[in-house]
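Single-structure report; data block below.
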There are 2 protein chains.
Amino acid sequence: MTKDATTPRERYRSQVRAEIVEQAWKQVATAGASALSLNAIAKQMGMSGPALYRYFASRDDLITELVREAYRSLADTLRAAAAAGADLAGLAHALRDWALADPQRYFLVYGTPVPNYHAPEDTTAVSAEIMTILVDACAALAPAGPPTPFDAHLADHRDWAGDHPAPPAALRRFLAFWTRLHGVLSLELAGHFTGMGFDPALLFAAELDDLLALPR
Amino acid sequence: MTKDATTPRERYRSQVRAEIVEQAWKQVATAGASALSLNAIAKQMGMSGPALYRYFASRDDLITELVREAYRSLADTLRAAAAAGADLAGLAHALRDWALADPQRYFLVYGTPVPNYHAPEDTTAVSAEIMTILVDACAALAPAGPPTPFDAHLADHRDWAGDHPAPPAALRRFLAFWTRLHGVLSLELAGHFTGMGFDPALLFAAELDDLLALPR
DNA sequence: CGGGGATCGTGATAAGTTCTAACTAACTCA
DNA sequence: TGAGTTAGTTAGAACTTATCACGATCCCCG
């Protein structure tokens, strides 16, 4: 996959690695990332505990791989949606579907940081790609109304947007898009809406409508 | 505190309990709730491990107490702000200050659910009080514009608001208030804005401005 | 004011966890 | 075929939560 392993040794190695990651995803999906146990994975694969350390240097290394995969998965999903002609609303629903498909995967990326663990360096590249896709969609919308004071601040602090030609209003719209949808999604996935009776999907749609109508 | 302990036995007991909770907060503040260790707390108090089980039946019981305290603390903070005449903007800044004062405490309440743990029953009452305070402030604002489809949905699913006399538009404004500010706060506290260059406080303020100007 | 009983803290123990070290067995390659 | 690399094993250290049995202490009541 990463490097066409001609030798059967490396082929076997990457296959076992993939199965470890697969089992890890099963555990994460049911119990969350903090409850990930190398011993349990090994037991379920018919191997004994320390054997996994041939494939991952530590538990954190395994979690890092999961985080990387999650970022890549989200980037792929959004890129595919954008390539299929999805506008900002379509990207929003792609994001929501991706989050609902595996809440723990969403938490792994955007939730409370896992203790004793900090993200690897190369996730920032994928994270930047996700932002670029969304900023593109934001810039494609009709420009918003008069510039706000926050727009002025963004015009001076837009290094994170790289050399993206989007105007500050588009960056501001992207930030609103990101934070508002994350607000609804994370509270919904964390179960804070359960028992309140209303439909979270409608709240998500209402927030999205407000975002698309943003030029006030 | 909870029950005026006249007997010295109960007084000592509640005192030790309070010190355990205090040490627990220190640990949570530095390493997060998942990294809370009963042994480490005991060691730091000069006691040996199992002694803590006289005061808390399990680790989850201790976390439950922390969650309860966090909820109560936030409710107290917001109630005090409201009693001091704070409007919705004032409540928003009180919320932000409370969150920034101890990010892990915020995550304990509104973050990714702690694995192998679900919230106790009586937190719902405090949670309801928090919502009531915010809904009050939302209802005090000038009524929003034409009713949205989501307003109609809320009119039919407002059991969570109890017998609060707020109109659906106020409930809708509360939900936007809650989810949008949580979106900015949780991403900021989780460190997703670090390295992007802009000032999260200004984003928070911009979102708040948009909320207050909501009648479009 | 002393005895009886509830309570507190301890060490030992069980069943987990991550992770290291040493060893064996198997496979690959020259 | 022999040498070298690598996979997987068991053993063990240093942790964790949690239970149990025992001794010591303190408090209440007669």
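Lettering follows sequence order; numbering is per chain, from 1. Reckoned from all heavy atoms, side chains included, excluding hydrogens, waters and symmetry mates.
Lys26(B) has no carboxylate O lying under 4.0 Å from a charged side-chain N of Glu19(B), or vice versa, which leaves the two without a salt bridge. Between Glu207(A) and Arg180(B) a salt bridge is recorded (basic side-chain N to carboxylate O distance below 4.0 Å).
The CD atom of Gln15(A) sits 13 Å away from the P atom of dA7(D) (whole-angstrom rounding). Per the geometry, CZ belonging to Arg17(A) stands 17 Å off C1' belonging to dG8(D), to the nearest Å. As rounded to whole Å, 9 Å separates atom C1' of dG16(C) from atom NZ of Lys43(A). Here the C1' atom of nucleotide dT10(C) and the CG atom of Leu52(B) are 13 Å apart, to the nearest Å. To the nearest angstrom, P of dC26(D) lies 18 Å from CD of Glu10(B). Rounded to an integer number of Å, the gap from CD1 of Ile41(A) to P of dT17(C) is 11 Å. When rounded to the nearest whole Å, the span between OH of Tyr55(B) and C1' of dA18(D) equals 17 Å. Arg13(B) has its CZ atom 15 Å from the C1' atom of dC26(D), to the nearest Å.
The backbone N or O of His153(A) sits less than 3.5 Å from a side-chain atom of His157(A), completing a donor-acceptor pair.
Considering only side-chain N and O atoms, Tyr12(A) lies under 4.0 angstrom from the phosphate OP1 or OP2 of dG8(D).
Using cut-offs of 30° and 60° for the angle between ring planes, the Tyr106(B) and Tyr110(B) rings count as tilted.
Residues passing the side-chain contact (heavy atoms from CB on, under 4.5 Å) test with Pro50(A): none are found, sequence neighbours excluded. By the salt bridge (charged side-chain N to carboxylate O under 4.0 Å, His left out) test, Asp159(A) pairs with no residue at all, sequence neighbours left out.
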Heavy-atom contacts, protein to nucleotides 18-23 of chain C, under 4.0 Å, summarised as B (base), S (sugar-phosphate only) or - (none) per nt, yield BBB---
